[in-house]
Number of protein chains: 2
Amino acid sequence: MSQNTTLKKISQILDISISTVSRALKNHPDISERTKQKVIELAAALEYEPNAYAINLRTNNSKILGLIVPSISYYFYDTFISSIEEECRKNNYTLLILQSGDDTETEISNIKICRHNRVTGVFACITPNTKDISAFLKLAESEIPLIFFDKVPPYENCNKVCIADAAAAKMAADLIIQKHKKNVLSFFGNKSISITQKRLPAFIEAFEQANTSANLDIDFALSFEEAYEKTLFYLNKKNKPDTIFCMSDEILIGVMKAIQQLQLKVPENIAIVALSNGIMPKWYYPEITYIETSGDKLGRLAFARMMECLSGNIQPQELIIGSMLVEGGSI
Amino acid sequence: MSQNTTLKKISQILDISISTVSRALKNHPDISERTKQKVIELAAALEYEPNAYAINLRTNNSKILGLIVPSISYYFYDTFISSIEEECRKNNYTLLILQSGDDTETEISNIKICRHNRVTGVFACITPNTKDISAFLKLAESEIPLIFFDKVPPYENCNKVCIADAAAAKMAADLIIQKHKKNVLSFFGNKSISITQKRLPAFIEAFEQANTSANLDIDFALSFEEAYEKTLFYLNKKNKPDTIFCMSDEILIGVMKAIQQLQLKVPENIAIVALSNGIMPKWYYPEITYIETSGDKLGRLAFARMMECLSGNIQPQELIIGSMLVEGGSI
DNA sequence: TTGAAAGCGCTAACAT
DNA sequence: ATGTTAGCGCTTTCAA
């Protein structure tokens, strides 16, 4: 029933024109109070629901925002997504969430879905395999505001919203140094993604500047399984690490599995420091000490930037959000 | 640019009528090959993208499916969502994912968003707090197919797609009995949700039927924190359990945190069995033995059922999907 | 084989 | 304060 109530129907019942009904429902000042009331009442009674498609066809404003992300779950994005969702709800936008799953073809297809649904703007976090971002840039050319977040392309001329990757990595390194750790194993993610490219050098530089005698091993893991395998390997060596740094939750999971297997005590036998949005660190005992890379704050910032773009402030900008140390008991 | 290409524009350039262009693009048999080719080429060159809003306004078919779920991440739903997404992509549907976050108001607002965007159908998993499902049922009254999945309401006359909750719980119980466990602690989730109501009695019944001398403790945990606290409590008792059953991933996380804290060896000191979609059990060492409640298969089934509803097979049905034992090393 | 025309539901400029 | 009208982009019936 609510599906069929239209302005026309209301206007016929009330024997007034369609435009009067339209105006009454929008609380237009021209319309008399009496008419307004009649219309609003009837609309409520008939459960009138404006036809979003007609509105968009007419106004060219879908009030849908697209969100393209490698994966919805487990790691960083869930808090980001939740905060964007909340903002959308507050501001009467519909959020269209699309997972690309590390697959560039699906990513392209997701961009098409955004176009097809004529989204008002797009939030995008690129997959580790994304080299060619021309399909994304075309959105921006079509005047669809585009905001990259977290894993962003190495391209200057676009909107980006990132956490302070370098600063966070440095904080982690400084913490480890300050605790006088002597043999540090640090795991980073895919070398070709922006966050690794920012975190890794900052981490190394912090150690160099500290002028410490600590040994620093750097390795990479692209999945939790790989982090697990490699951790086992390192912890079975003669000169085994006293500290492991995990660039991401994914890595943390693998490292912790290996530590469980070897029955090491944290932090007595091995110290752990991670970069995380803070959900998984609480799943372990002792809770993991981490540098918070807040998806929540990042989401709010991205949304605010989107609103700015939509209201005309189009100059590409890169925004950075700070992070902070959250102490668990793992170091 | 692609934003502005319309049938009209193409028709003007080619000096033919709009309807001919429309037909040519749809490969309508009436149109000559020559015309078709010309049109298709030009459309490609101008990056023509059909206006979904105009189509929907005309045809009343949005090809958007809504998915309303308590939470996108961490636990069961991600595999379910991914498989639905894949089916949608294959079948040219857009999936609108909406999180309710255990909040009934947000859930209602999500239903409204579905209506507003005139979705073709809705998949819904209700929150633990949802008592009143009338807003959902109204969708079905408006002839929007509605398929509940996983956590479904206690209401006969609607479509449901569930895992074999009772059978899965029985499998877990049988496994524990067969391993001659003597002191079993079992954690269940919120008593007011359907899956608990199905799993709990089946679990208990399996023990009763087995006529074992084993002691069975039943308790409930609504969050991973609660599972953690309660596990600590039970494991510090004199007569401590030799086995813990976890009804969900959420509970498993809490239980495992307590086990880490107490430095118990799995399965020597304590055995674990869970119900899970299989992602988290692999995060622990030894990997957790679980009864698979496959979100993936459930998603495919739900989608297939949706397509059936859309093609007219509207009789409410409850579909159940089997589960199976996946051995880890935790019992 | 192609074109003309109506209409989906709505908004907004232009009457009155 | 209210009505008339045109048109957003598309599909589809009817006509040629």
Side-chain angles (χ1 to χ4, degrees), chain A residues 1-40 42-43 46-64 92 115-120 142-143, chain B residues 1-40 42-43 46-64 92 115-120 142-143:
Chain A
M1 50 163 70
S2 91
Q3 294 293 44
N4 316 327
T5 306
T6 64
L7 295 185
K8 192 176 172 185
K9 194 164 166 186
I10 295 177
S11 76
Q12 284 168 344
I13 296 176
L14 259 30
D15 199 29
I16 55 179
S17 78
I18 296 179
S19 30
T20 303
V21 178
S22 173
R23 289 186 190 111
L25 254 16
K26 298 194 135 54
N27 201 19
H28 191 108
D30 276 0
I31 305 297
S32 74
E33 278 308 321
R34 260 194 77 243
T35 311
K36 270 186 200 169
Q37 234 194 317
K38 276 198 310 190
V39 170
I40 289 170
L42 184 58
L46 296 177
E47 300 184 58
Y48 170 72
E49 170 82 38
N51 187 316
Y53 292 89
I55 295 174
N56 180 58
L57 185 58
R58 184 62 231 251
T59 62
N60 238 324
N61 179 6
S62 65
K63 295 218 88 174
I64 297 181
N92 264 306
R115 274 192 184 285
H116 178 74
N117 289 283
R118 286 184 150 63
V119 297
T120 304
S142 319
E143 308 201 335
Chain B
M1 48 163 70
S2 89
Q3 294 294 44
N4 315 327
T5 306
T6 64
L7 295 185
K8 191 176 174 187
K9 194 165 166 187
I10 295 177
S11 76
Q12 285 169 342
I13 296 176
L14 259 30
D15 200 28
I16 56 180
S17 78
I18 295 178
S19 26
T20 303
V21 177
S22 173
R23 291 185 187 112
L25 253 16
K26 298 195 132 56
N27 201 19
H28 191 107
D30 277 358
I31 305 297
S32 74
E33 279 307 322
R34 261 195 77 241
T35 311
K36 270 186 200 168
Q37 236 194 316
K38 276 198 310 188
V39 170
I40 289 169
L42 184 59
L46 296 178
E47 301 185 58
Y48 170 71
E49 170 82 40
N51 186 316
Y53 292 89
I55 295 174
N56 180 58
L57 185 58
R58 185 59 230 252
T59 63
N60 237 324
N61 179 6
S62 66
K63 296 216 88 174
I64 298 181
N92 265 308
R115 276 191 183 284
H116 178 74
N117 289 282
R118 286 183 148 62
V119 296
T120 304
S142 320
E143 308 202 334

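The figures that follow rest on heavy atoms only: side chains count, while hydrogens, waters and symmetry mates do not.
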Asker: Looking at the side chain of A:R23, which of D:dC10, C:dT2, C:dA13 is the nearest nucleotide?
Answerer: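 Given the options D:dC10, C:dT2, C:dA13, the side chain of A:R23 is closest to C:dA13.
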Asker: Please confirm whether any donor atom in the side chain of A:T20 sits under 3.5 Å from an acceptor in the base of D:dA1, or the reverse.
Answerer: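 Check fails, no donor-acceptor contact within cut-off.
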Asker: Can you check the A:H28 NE2 to D:dG3 C1' distance for me, whole Å?
Answerer: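 Interatomic distance, NE2 of A:H28 to C1' of D:dG3: 13 Å.
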Asker: Closer than 4.0 Å, any side-chain N/O of A:T35 to the OP1 or OP2 of D:dT2?
Answerer: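 Indeed, a polar side-chain atom of A:T35 lies that close.
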Asker: Counting distance only, does the side-chain N/O of A:S22 pair as donor-acceptor with the main-chain N or O of A:I18 below 3.5 Å?
Answerer: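 Flag not set: sc A:S22 to bb A:I18 has no pair under 3.5 Å.
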Asker: I need the CD1-P distance between A:I18 and C:dA12, as an integer number of Å.
Answerer: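 Taking CD1 of A:I18 and P of C:dA12, I get 15 Å after rounding.
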Asker: Mapping B:D30 and B:T59 onto DNA chain C by nearest heavy atom, which one lands closer to the 5' end?
Answerer: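 Checking each residue's closest nucleotide, the 5'-ward one belongs to B:D30.
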Asker: Classify the nucleic acid contact of B:L57 as base, sugar-phosphate or nothing, counting any heavy atom under 4.0 Å across all strands shown.
Answerer: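 Base, at least one base heavy atom under 4.0 Å.
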Asker: With a 3.5 Å distance limit and no angle check, can you tell me whether B:S62 reaches the backbone of B:R118 through a side-chain donor-acceptor pair?
Answerer: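 Confirmed, B:S62 side chain pairs with B:R118 backbone.
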Asker: Round to the nearest Å and state the distance from B:K9 atom NZ to D:dC8 atom C1'.
Answerer: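 The answer, rounded to whole Å, is 15 Å.
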Asker: How would you label the contact of A:N51 with the nucleic acid (heavy atoms, under 4.0 Å): base, sugar-phosphate, or nothing?
Answerer: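 Result for A:N51 = sugar-phosphate.
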Asker: Would you kindly check whether a donor in the side chain of B:R34 faces an acceptor in the base of C:dT2, or vice versa, at under 3.5 angstrom?
Answerer: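 By the distance-only test, no, there is no pair.
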Asker: Is there a donor-acceptor pair closer than 3.5 Å between any side-chain N or O of A:K63 and the backbone N or O of A:N56?
Answerer: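 No: the side chain of A:K63 does not pair with the backbone of A:N56.
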Asker: With distance as the sole test, does B:Y48 use its side chain to make a donor-acceptor pair with the main-chain N or O of B:N4 at under 3.5 Å?
Answerer: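 Not at all, since once roles are kept as given, no pair shorter than 3.5 Å links the two residues.
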Asker: D:dC8 C1' sits how many Å from B:E49 CD, rounded?
Answerer: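 Rounded to the whole Å, the gap is 17 Å.
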Asker: Rounded to the Å, how far apart are B:K26 NZ and C:dT2 P?
Answerer: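 The distance from NZ of B:K26 to P of C:dT2 comes to 17 Å, rounded to the nearest Å.
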Asker: Does a side-chain N or O of B:S32 approach OP1 or OP2 of C:dT2 to a distance below 4.0 Å, or not?
Answerer: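 For B:S32, the contact criterion (side-chain N or O under 4.0 Å from OP1 or OP2 of C:dT2) is met.
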Asker: What is the distance from CG of B:N4 to C1' of D:dG9, rounded to the nearest Å?
Answerer: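 Roughly 12 Å, once rounded to whole Å.
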Asker: Should the heavy atoms of other residues, nucleotides or ligands under 6.0 Å from CD of A:E143 be counted, would the total exceed 12?
Answerer: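 Result for CD/A:E143: open.
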Asker: Test for a donor-acceptor pair under 3.5 Å between the base of D:dG9 and the side chain of A:R118, counting only N and O atoms.
Answerer: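 No such pair is found, so the answer is no.
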Asker: Whole Å only: how far is the NZ atom of B:K8 from the C1' atom of C:dA5?
Answerer: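 It is 14 Å, rounded to the nearest whole Å.
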Asker: Return the 5'-most residue of the pair A:S22, B:S17 with respect to DNA chain C, ranking by each residue's nearest nucleotide.
Answerer: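 Its nearest nucleotide being more 5', the pick is B:S17.
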Asker: Ignoring the backbone of B:S19, work out which of C:dA5, C:dA12, C:dC10 is nearest its side chain.
Answerer: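 Selected nucleotide (nearest to the side chain): C:dA5.
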Asker: Measure from OH on B:Y53 to C1' on D:dC10 and round the result to the nearest Å.
Answerer: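 After rounding, the gap between these two atoms is 15 Å.
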